[in-house]
Amino acid sequence: MVYVAFVFAIFGLMAYLEISGLKKRVDELERTLSKQEGTSYYNSRKSLSQIARSYIGKPVSLTMKEDHMDPDIISYGNTKHGSNTIMDVDEEWVLIRIKTPKGEKEKLIRLESIQTIGETQL
């Protein structure tokens, strides 16, 4: 009986390692596709970059992709207790100033980790 449980544990570990390796490969493929013109990944990143540029210096609401969550943005940036302000935008990075009750923080966030950018309703 212990032998069977050990075999299932080994197979479970192998499946977990295979899936985690696959996730890394998919992320790398999406990053590569977002740099190649003519792909939908490139177009969405370019349009998100243009949207971010239009909001420079303004408070915004950010929605991060599920696997790129940032605790400061979740806790303070999108609430009535704080705000996110886009300071600068690059082809791959966004500089954000997060106002919290304890002060201000500046964070450099990859453009590909942002799902949506919207205007904050004050």
Side-chain angles (χ1 to χ4, degrees):
M1 186 68 176
V2 174
Y3 177 72
V4 173
F6 181 72
V7 169
F8 279 118
I10 294 295
F11 282 130
L13 180 63
M14 288 172 46
Y16 174 76
L17 292 174
E18 184 68 29
I19 288 176
S20 66
L22 183 62
K23 174 69 174 140
K24 290 177 187 174
R25 289 173 44 198
V26 167
D27 288 343
E28 184 61 35
L29 179 62
E30 285 180 350
R31 188 173 295 119
T32 302
L33 285 174
S34 71
K35 294 177 184 175
Q36 292 179 354
E37 289 188 35
T39 63
S40 61
Y41 290 99
Y42 176 81
N43 294 337
S44 66
R45 189 180 96 193
K46 189 170 182 173
S47 65
L48 191 62
S49 173
Q50 291 172 348
I51 291 169
R53 280 193 179 95
S54 69
Y55 285 123
I56 289 179
K58 299 177 185 174
V60 295
S61 174
L62 295 175
T63 305
M64 305 295 284
K65 291 184 180 173
E66 186 175 326
D67 52 343
H68 296 282
M69 292 294 188
D70 186 270
D72 289 326
I73 292 174
I74 293 170
S75 301
Y76 302 112
N78 295 333
T79 65
K80 64 181 179 179
H81 303 293
S83 66
N84 299 317
T85 305
I86 295 180
M87 304 308 293
D88 194 17
V89 179
D90 191 351
E91 292 299 319
E92 299 211 12
W93 298 93
V94 177
L95 180 63
I96 297 175
R97 179 175 291 151
I98 303 169
K99 186 183 286 187
T100 67
K102 295 180 181 179
E104 293 183 351
K105 296 181 179 182
E106 288 191 354
K107 291 226 174 188
L108 197 57
I109 298 174
R110 279 194 173 275
L111 193 62
E112 64 194 33
S113 64
I114 298 173
Q115 187 171 357
T116 60
I117 299 173
E119 195 169 347
T120 300
Q121 305 297 325
L122 295 176

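Values below: all heavy atoms of this structure, side chains included; hydrogens, waters and symmetry mates excluded.
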Item checked: Path from M64 to W93 over hydrophobic side-chain contacts below 4.5 Å -> no
Next item on the list: Using a 4.5 Å cut-off on heavy atoms from C-beta on, say whether the side chain of K99 contacts that of T85.
Entry: no
Next item on the list: Could you state whether L95 and V89 fall into the same hydrophobic cluster, counting links through intermediate Ile, Leu, Val, Met, Phe, Trp or Tyr residues with side-chain heavy atoms under 4.5 angstrom apart?
Entry: no
Next item on the list: Would you mind reporting whether L29 and R25 have side-chain heavy atoms less than 4.5 Å apart?
Entry: no
Notebook entry, point to check: How long is the gap from CG on D90 to CZ on R110, to the nearest 0.5 Å?
Noted result: 10.5 Å
Can I get a per-line list of side-chain donor-acceptor pairs under 3.5 Å for residues 48-56, giving both atom names and the distance, sequence neighbours left out?
from : atom 1 : to  : atom 2 : distance (Å)
S49  : OG     : R53 : NH1    : 2.7
R53  : NH2    : E91 : OE2    : 3.3
S54  : OG     : I51 : O      : 2.6

Checklist line | Check: L62 and V94 side chains under 4.5 Å, non-hydrogen atoms | finding: no
Item checked: L13: side chain to side chain contact (heavy atoms under 4.5 Å, CB included) partners, not counting sequence neighbours -> L17
Checklist line | Cluster overlap F11 with I19, hydrophobic side-chain contacts below 4.5 Å | finding: no
Note to self: When you group the ILVMFWY residues by side-chain heavy-atom contacts below 4.5 Å and let the links chain together, are M87 and L108 in the same group?
What the structure shows: yes
Note to self: Under 4.5 Å between side-chain heavy atoms, counting indirect links through other Ile/Leu/Val/Met/Phe/Trp/Tyr residues: same cluster for Y16 and F8 or not?
What the structure shows: no
Check: Rounded to the nearest 0.5 Å, how far does CD1 of I96 lie from CD of E106?
Finding: 10.5 Å
